[in-house]
Every structure is written in C-alpha cells, then in structure tokens.
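Single-structure report; data block below.
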Amino acid sequence: MGRSFLGSLANAAGSLRTPSAAPPVPFSSRAQSYGIFGARRDAEGQMRAMSAVGTLFAIVDRTSNATALVDWKLYRKATSGRDEDRVEVTSHAALDLWNRPNAFMPRQEFVESSTQHYDLTGESWWVIARHAASTLPLELWPVRPDRMTPVPSPETFLAGYIYTSPDGEQVPLGLDQVIQLRRPNPLDPYRGLSPVLSILPDLDTSRYAAEWSRAFFMNSAQPGGILQFDQRLSDAEFTELRDRWAEQHKGVANAHRVAILEQGKWVDRTVSQRDMQFVELRGATADRVREAYGISKTAIGDFEDINRASALAAKAWFAEQQTIPRLERIKAALNFELLPMYGRSTDGLEFDYCNPVPTDVETESVQLAARAKAAKELAEAQLWDADDILSAVGLPAMRRAPAPVLPAAAPGAPAASWGDAVAGLFGRTLSLRNAATDPLDQMQQDHETALTVLLTDFAPIDDAWIDELGTQIEQAINDDDTAALAALSLDSGRAADTVRTALAAAAQQAADRMAEEARQQGVTVTAPQVDESVTARLRPGQIVNFGDELTAIATAVASLIASGLASTAAQEAVRRFVPGVSGSDVANAVKGTLRKIKGVFKRDQLGGALHRAQNTGRIATLEAAPTARWVASEKNDNNTCDPCRAIDGTDFTTLADVTAAYGAGPYHACEGGIRCRGTVTAFWDTTGGNG
C-alpha cells in the first residue's frame with residue numbers, strides 16, 4: 001500500500017515547482033517515512049485549547065482579528081526601488097483571488113482563520129483549487145494543520161503533502177497545490193512551532209482549576225468531609241441518608257445550612273477555597289500564557305492603571321510587534337509562492353499591506369518642525385540645491401507660490417520694474433487676461449512631467465548599460481588586465497535618440513504654451529511646428545533652425561551620462577578588486593551598486609536639457625510674434641543665487657538679449673548652472689491694435 005500511495009503522490013506532484021538544486025545534506029531519513037500515515041494529533045489539542053482557556057482565547061482572537069482587518073494592495077515595483085514610487089495595480093486575477101479566496105469566505109475571514117491556526121499550532125496551510133483546464137489558481141482554502149502532513153524527500157527536500165480527511169481518506173497533494181506558513185521549528189524543518197506547546201501544563205492547570213471551582217459550587221458548596229457511623233448501615237438506611245443529605249445540602253442554594261445527624265458523626269475534611277488559592281493560581285496561569293505570546297495585559301483588554309498616552313503607545317506596540325510580523329509572513333507567501341503561479345503577468349508585481357501602526361501625531365509634529373528648521377538653515381546657507389535639501393531632511397518636494405505676471409505697460413509710460421509690480425500686489429492681483437493658470441507654473445509642471453517620462457524611458461537603457469559594463473569588467477579582471485578598467489565605454493546612440501525625441505516634444509510644447517500666453521493677452525501668433533528632423537517652421541518662407549542645436553545637445557548629454565556611468569563603474573570596480581577575486585564577483589558587485597545609485601547627475605543633465613528645449617521653443621515663438629515687453633523671471637528657481645536675483649524682473653531691449661541670457665536654457669550667469677530654471681515672459685501692448 002505504501003508504494004502505491006507514494007506513487008499517487010508522485011502523480012499529483014506532476015507540475016511541482018522544480019527545486020533549483022538538491023539539498024546539500026538529507027533532511028529526512030532514507031529508511032523510514034515522515035509520518036505519512038499519521039497526522040499531527042497534538043495540533044488538534046492545541047486548537048481545542050483556545051475554547052478551554054479564556055486568556056488564550058483573548059490573545060488568539062485579538063491577534064487574528066487585528067491581522068485580518070488590515071487592507072492589502074497590489075503594486076508594480078518602481079525602477080528606483082522605493083516604495084513611494086510604486087504604482088498601484090487595481091485589476092489582476094491574483095488581486096481578485098486574494099480579495100475573495102473562495103466562494104464561501106471573504107479575505108478577512110480567510111486571514112482570520114489562517115492566523116488562528118498559526119497562533120495555535122505555529123502553522124497555516126492554504127490548499128489551492130484549480131480548474132481542470134487551467135493552471136491558474138482559482139480558489140484558496142485554509143485547512144486544519146492537524147490534517148496536513150508534509151512528505152520529505154532525501155533527494156529534493158520535499159516531495160509533496162498528504163491531507164487526511166475527517167473520515168480518514170488520505171489525499172496526495174503536489175507542491176503547487178499547497179502553501180504553508182509556519183513559525184520555524186528548531187527540531188523539525190518541515191513543521192511549525194506553537195507557543196501552546198510551551199504552556200500545555202499551565203493550560204491544563206487553568207482548566208482543572210476552573211473545573212474544580214465549578215464542581216465545588218455545584219456539588220457541596222464547600223470542599224467536603226466524612227459522615228462516620230459506629231455501626232454498619234443497612235442498604236435502606238444508606239440510601240435514605242444519602243438522599244436526605246443531597247436534598248438538604250447539595251447545590252449553591254443550600255450552602256451553609258446546618259446539618260442534623262442522627263447517630264452519625266461529621267468528620268471535617270475541608271480545605272478552604274482561600275487556602276487552595278485557586279484565584280491566584282488561575283492568575284499565574286494567565287501570566288504564563290501572555291508570556292508565551294509576548295502580549296501585555298493591555299493588549300487583551302486589561303486597562304488597569306492606564307491613561308490615553310500609554311493606551312496609544314500600547315496600540316502602536318501591538319501593531320509593530322504582533323500584527324506586522326504576521327502580515328510579513330502572509331506577504332512572503334503571496335509574493336514568493338502565489339504570484340509566480342500566474343506566470344509572466346506578475347513580473348514586477350508585489351502584494352503589500354497597509355501599515356497598521358497608528359500615526360503618532362505629536363511625534364510627527366515635533367519631527368516636522370525639526371525638519372523644517374534644518375531645511376531653513378541649509379537654504380539660508382545658499383550652498384545646496386533646494387530639491388536636495390528637502391530630500392536630505394526628509395521633506396517632500398514643494399512648489400513655489402505663484403508670482404505675479406506683469407501687465408503691459410501703458411503707452412509712453414516708463415516700464416515698471418519687477419520689484420515695483422510685486423510691491424503693487426499688496427492691494428491688487430495681477431494676472432494674464434482670462435488665464436486659468438499661471439504660465440510659469442504650467443511651464444514648471446510641463447518640465448516635471450517631461451523629466452519623469454524621460455527618466456522612465458531611460459530605465460531600460462540604464463539596465464542595458466549596466467549589463468554591458470559588467471561584461472567589460474568581468475572580461476578585464478578575468479584577463480588580468482585591470483588597466484582596462486580605466487577604458488570602460490558605452491554606446492550612447494540609443495540614449496541620444498531617446499533624449500532627442502524628448503527635447504523635440506518639450507520644445508514643441510513650450511512653443512505652443514508661449515503662443516497661448518500671447519492669445520490670452522489678445523495677440524495671435526503661430527507657434528513653430530517641430531517636424532521629424534526637429535526643425536521649426538514658423539510660417540512659409542521663414543525657418544528658425546534650432547533642430548540641429550537640440551540634436552547636438554541630445555548627443556552631448558547622452559554621451560556625458562554614459563561616460564559618467566562608465567567612470568563610476570570603473571571606480572567601483574577598482575575599489576572591489578583584490579588579487580584572486582573572480583571577474584563575475586566584481587562585476588556583480590559593481591552592477592548591484594550602480595542599480596542603487598540615485599542618479600542625481602543623470603537627472604540634472606536631462607533636466608537641464610529639457611529646460612533648454614523649453615526656452616528654445618518659447619524664444620522661437622517670440623521670434624514670430626509682434627514686439628513685446630520681454631521680462632526675465634527666475635520664479636521657477638527653487639534656490640535662487642545672487643546673479644539670478646539680479647536678473648529677475650529685468651526688461652530686455654531686444655530678442656537678441658533674451659537669447660543671450662536664456663538661449664542656453666539656464667541664465668548664463670547662474671551659479672547653479674544646469675539646475676537653473678530661469679526663463680522669459682512677454683507682455684504685449686494691445687491698445688494700439690497690434691497682433
């Protein structure tokens with residue numbers, strides 16, 4: 001029977017997850033099986049203990065409920081590796097399954113049942129149901145741990161599982177049909193370890209004490225004694241005495257009634273309830289149960305000597321120390337066992353839970369004030385970029401408040417300075433006529449969006465570059481030619497094409513925005529149209545060729561980023577190199593480091609190039625527009641240097657001056673260089689009818 005049964009198991013495991021390698025040592029005996037024909041009988045007793053001991057029930061009920069109430073989401077991982085950059089996935093078969101594991105229970109009930117099993121036996125078992133025509137999981141079922149038996153293999157560690165039904169039928173299950181969550185058992189690599197096992201004597205003591213107390217009140221209302229007679233009683237006398245005694249003294253209602261004896265003598269054998277200290281005994285048992293689970297009295301509803309502050313702290317402690325560890329085990333099972341069953345459709349996806357730890361408002365307020373103070377002090381030093389400052393102190397990126405847009409100057413009136421216009425805002429609001437949003441705010445938003453898209457498009461290029469650098473590093477070290485590390489190089493052609501396309505789009509968008517700014521002021525101007533060669537045609541017969549310029553910039557920026565990455569890789573390879581190390585070890589270490597780098601240099605280069613394209617597009621539109629009042633604006637600078645403060649609000653006499661100041665993107669004298677976001681705004685005098 002054993003041979004055929006194992007054969008059935010092998011058939012059931014036909015589509016098992018294939019181990020990557022056999023275990024280096026056998027984890028099970030080659031001579032005897034591992035309880036294939038018997039399940040864990042003690043697990044049933046551990047589960048029954050929940051309904052027998054109140055403290056244990058309170059602990060398991062609280063932990064399982066808290067774990068089940070937490071919400072879950074499915075995310076697509078970000079290339080940055082940061083959780084805050086992930087994108088939520090709201091539609092997927094795996095998400096539908098997790099929200100409704102089977103037709104009879106929602107996720108909350110499924111998780112609560114699984115957590116009860118885990119807390120009582122140290123194990124949770126999920127059995128997967130599939131449609132006969134599909135390999136995709138269709139349902140998840142939580143099953144009792146005492147009915148599941150793993151089948152070890154000396155060759156592959158684990159051959160499968162056996163489920164024993166209530167009527168004794170043994171059902172073989174494959175590795176791809178079962179997911180096990182367990183608290184590791186130091187003596188058994190296949191089973192979990194239950195806290196209940198460490199307190200079984202204490203649980204028995206508590207149960208016996210409760211039963212004794214119940215019997216005490218139901219039977220005699222006091223511990224007991226002996227009715228002694230000097231002569232033997234007949235059967236009739238014995239029966240009459242027993243019935244009369246039970247009628248007069250049995251039960252709580254007859255407690256402490258005076259006993260009247262005929263001929264017999266009462267011999268007191270009483271041990272008082274106080275002497276036996278059953279109350280203290282049960283209290284000590286409760287302490288042992290809480291100790292095994294690492295739970296305080298407060299966590300299960302004992303609120304003696306507690307105030308609001310300590311209650312909030314206890315709530316946070318429970319979430320951190322009890323709920324999160326259980327959620328992490330479930331998360332690992334979902335991401336490393338369930339999701340792979342859906343094939344390539346889950347590449348880059350991961351389940352994660354919503355943080356159950358309550359917000360500490362007071363602590364967050366103190367931290368926010370400290371971070372704001374640090375950011376203020378760093379900004380006043382004027383040595384660092386504003387975005388870097390916010391990132392360093394842990395604050396989110398913030399946008400400047402809208403600045404005024406100058407109106408057209410009255411005919412014959414002297415041009416108002418930018419400072420005068422700002423000062424005039426104390427009593428009035430200045431804006432473009434009918435403008436829905438501040439044009440410079442829109443420009444900044446366009447820049448951020450374009451940069452985000454470009455960085456996303458750049459991610460696969462980065463990956464290919466890193467792999468190429470790894471190959472070159474491995475080859476150099478294996479050839480014992482460490483000098484070749486200084487000559488690492490990358491082909492930047494694909495990157496240049498990607499950047500060129502992004503710059504063309506940014507220039508076109510900025511040109512169109514500038515034309516819209518003119519229209520809001522009552523001036524009609526045709527924006528340049530960027531064709532495939534990135535050549536702007538203003539109107540028939542007039543060509544402003546900034547396409548060659550942007551193409552050259554794209555090529556240069558791509559080359560700079562590639563050489564910078566190669567230089568970083570070379571430095572890291574030299575740092576990692578020691579005599580005797582293999583080329584693959586160094587290459588893998590370098591690749592890991594490169595993928596963790598934040599890429600500030602790349603972001604600055606791409607951001608600067610996009611800003612240049614924006615200013616190029618804006619100036620190209622101004623070339624086609626009627627003469628205007630051209631005013632410098634450094635509003636979009638996060639950290640304005642002295643030269644930019646000086647140019648801010650300056651009126652330009654000619655477009656040639658505008659091009660000289662902002663034709664390269666940043667203000668030419670900016671100390672921040674490529675990070676400058678200065679530009680030019682235009683105001684048209686429409687009273688004379690031009691446009």
Side-chain angles (χ1 to χ4, degrees), residues 385-387 398-409 415-425 428-433 435-448 450 506-507 509-521 523 525 607-608 610-623 625 627-685:
D385 179 80
D387 289 339
M398 294 178 281
R399 299 178 61 189
R400 286 175 175 266
V405 178
L406 288 176
S417 70
W418 189 262
D420 292 339
V422 173
L425 281 178
R428 56 198 173 93
T429 300
L430 302 177
S431 62
L432 292 175
R433 182 167 50 212
T437 58
D438 187 316
L440 297 185
D441 283 346
Q442 185 65 63
M443 180 181 179
Q444 180 65 14
Q445 182 178 337
D446 290 343
H447 181 274
E448 292 171 357
Q509 184 182 52
D512 293 339
R513 299 287 194 199
M514 190 74 253
E516 176 62 18
E517 291 177 36
R519 189 191 69 78
Q520 293 287 351
Q521 299 182 56
V523 175
V525 59
L610 286 170
H611 182 61
R612 177 169 188 152
Q614 286 183 305
N615 274 352
T616 300
R618 290 174 68 84
I619 294 173
T621 298
L622 292 177
E623 291 280 3
T627 301
R629 181 183 175 203
W630 304 295
V631 182
S633 172
E634 296 290 331
K635 173 193 172 182
N636 288 340
D637 266 348
N638 288 324
N639 189 17
T640 310
C641 63
D642 288 338
C644 287
R645 289 195 194 95
I647 193 67
D648 192 24
T650 298
D651 284 19
F652 293 103
T653 305
T654 66
L655 274 176
D657 294 336
V658 171
T659 303
Y662 291 109
Y667 174 47
H668 74 88
C670 175
E671 294 175 353
I674 201 169
R675 294 185 176 184
C676 178
R677 295 295 176 261
T679 190
V680 62
T681 57
F683 303 96
W684 285 270
D685 177 12

Could you report the tightest heavy-atom contact between [X] and [Y], atom names first, then the distance?
X: V525; Y: A518; result: CG1-CB, 3.7 Å
X: F652; Y: V631; result: CE1-C, 4.3 Å
X: A506; Y: L610; result: CB-CD2, 3.9 Å

Please set out all donor-acceptor pairs under 3.5 angstrom arising from side-chain atoms of residues 657-668, sequence neighbours excluded.
from	atom 1	to	atom 2	distance (Å)
D657	OD2	T654	OG1	3.3
T659	OG1	L655	O	3.0
Y662	OH	E634	OE2	2.7

Please assess T681 against R618 for the test side chain to side chain contact (heavy atoms under 4.5 Å, CB included), listing each intermediate value before the final yes or no. CA-CA 9 Å; T681 57; R618 290 174 68 84; 4.3 Å; yes
D446 side chain to A510 main-chain N or O, any donor-acceptor pair under 3.5 Å?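 No.
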Quick one: does H447's side chain have a donor or acceptor within less than 3.5 Å of a partner on G607's backbone? yes
If you round to the nearest 0.5 Å, how far is CD of Q614 from CE of M514?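 M514 CE to Q614 CD: 12.5 Å, rounded to 0.5 Å.
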About how many Å separate CD1 of I619 and OG1 of T679, when rounded to the nearest 0.5 Å? 7.0 Å
Answer yes or no: is there an ion pair linking D648 with R645, defined by an N-O contact shorter than 4.0 Å? no
Salt-bridged, E516 to R513, with N to O below 4.0 Å?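 No, E516 and R513 are not salt-bridged.
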Among K635, R677, H611, exactly one meets side-chain contact (heavy atoms from CB on, under 4.5 Å) together with M443. Which residue is that?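 For M443, the side-chain contact (heavy atoms from CB on, under 4.5 Å) check succeeds only for H611.
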Going by atom types only, do Q445 and D441 share a side-chain donor-acceptor pair under 3.5 Å? no
Are Q521 and E517 linked by a side-chain donor-acceptor pair shorter than 3.5 Å?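 Distance-only check fails for Q521 and E517.
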